[in-house]
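Structure record follows, encoded as structure tokens.
Below, each value reflects all heavy atoms present in this structure, side chains not excepted, and no hydrogens, waters or symmetry copies. Within every chain, numbering begins at 1; the chains are lettered A, B, ... in the order of the sequence lines, protein sequences first and strands thereafter.
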Amino acid sequence: MKSAVVQLPGLNRDRDMIAALTLISGEAPITIWQTETSIPDDVDLIVIPGGFSYGDYLRCGAIAARMPVMQAIKDKAAKGVKVLGVCNGFQILVEAGMLPGVLMRNTTLRFVCKEVKLEVVNADTHFTRAYAQGQVIRCPVAHHDGNYFVDDETLAGMQDRNEIVFRYAEGTNPNGSLSDIAGVINREGNVLGMMPHPENLIEAAHGGRDGRGIFASALDVIAA
Amino acid sequence: MTVTLKNGVLDPQGKAIEGALGSLGFEGVHQVRQGKVFDLEVDGTDRAKTEADLKAMCEKLLANTVIENYTIAID
């Protein structure tokens with residue numbers, strides 16, 4: 001299972017993501033720069049990490065979503081390659097139209113950097129198979145614009161199709177997101193976006209391993 | 001081009017501004033909505049083409065039409 005991490009100016013969680021993928025798969029991911037127009041055929045998982053691409057100018061993720069590499073990622077996603085966007089990566093995926101909705105400014109207007117609880121609402125995805133349905137895990141968040149919003153009609157369809165994968169649990173919603181949504185998946189089930197940072201809770205030094213399951217699932221190393 | 005939030009979309013920044021205006025003593029201020037203005041100089045003399053281009057710019061980049069509306073003015 002070969003993975004790739006996308007790099008764009010202003011993303012700053014790429015090294016954490018590379019460390020997590022290397023630790024869990026035993027193989028370092030390749031890196032893909034924003035101007036690249038093709039992605040190697042043997043890549044099975046593309047990860048867009050967190051950060052502040054293009055300084056969050058215009059809207060978070062808006063500029064990054066229009067870079068050449070995104071067309072290459074869309075082409076791969078259309079062929080079934082798994083794509084994971086974390087934090088700014090999630091914002092980029094919605095701006096690119098690869099996931100529904102939008103991530104608005106936190107209702108508190110404050111940047112939040114803390115640990116939350118996440119309910120695994122759908123454990124039957126490529127990214128969550130290592131968890132139990134309804135399991136509540138710990139996960140750190142660090143963002144200013146994580147307030148997920150989507151119109152009522154789209155939300156109803158997403159709920160019917162089990163596309164809401166993570167919700168903030170036990171009253172820990174840090175940003176005012178609609179229906180406590182923390183992570184969503186596309187209709188085809190191969191593109192997941194989430195605001196929390198599972199890559200920062202994978203080993204003892206992090207204070208826990210709750211985030212491992214996402215990578216173990218996506219990388220087909222369930223035993224991790 | 002002016003980009004504003006659609007009705008029904010919560011605008012926490014607008015709410016904060018509304019509160020600040022109130023604390024400055026401006027009474028009777030309601031429904032503050034924050035938006036963006038893009039001021040462009042565009043080459044060409046074909047007004048219809050320019051308007052179509054500006055509309056495409058709004059649709060493709062300047063506005064997120066999930067939550068935002070836009071208006072265009074040319075002079």
In terms of heavy-atom proximity below 4.5 Å to chain B, should A:L109 be classed as side chain, backbone, both, or neither? side chain
What donor-acceptor contacts under 3.5 Å connect chain A and chain B, backbone and side chains included?
residue, atom, partner, partner atom, Å
A:L58, O, B:K36, NZ, 3.1
A:R59, NH1, B:L61, O, 3.0
A:R59, NH1, B:L62, O, 3.0
A:R59, NH2, B:L61, O, 2.8
A:R66, NE, B:K60, O, 2.8
A:R66, NH2, B:K60, O, 2.8
A:E95, OE2, B:N64, ND2, 3.3

Mind listing the closest non-hydrogen atom pair of B:L10 and A:M104 along with its distance? O-CE, 3.1 Å
More than 12 heavy atoms of other groups within 6.0 Å of A:R161 CZ: yes
Show me the donor-acceptor pairs, under 3.5 Å and distance only, between side chains in residues 5-13 of chain A and residues at least two apart or in other chains.
residue, atom, partner, partner atom, Å
A:Q7, NE2, A:D14, OD2, 2.8
A:R13, NH1, A:N200, OD1, 2.4

For a quick test of reading the model, state the closest non-hydrogen atom pair linking A:L58 to B:L61 and the distance between them. CD2-O, 3.4 Å
Heavy atoms of other groups near A:D124 CG, more than 12 under 6.0 Å: no
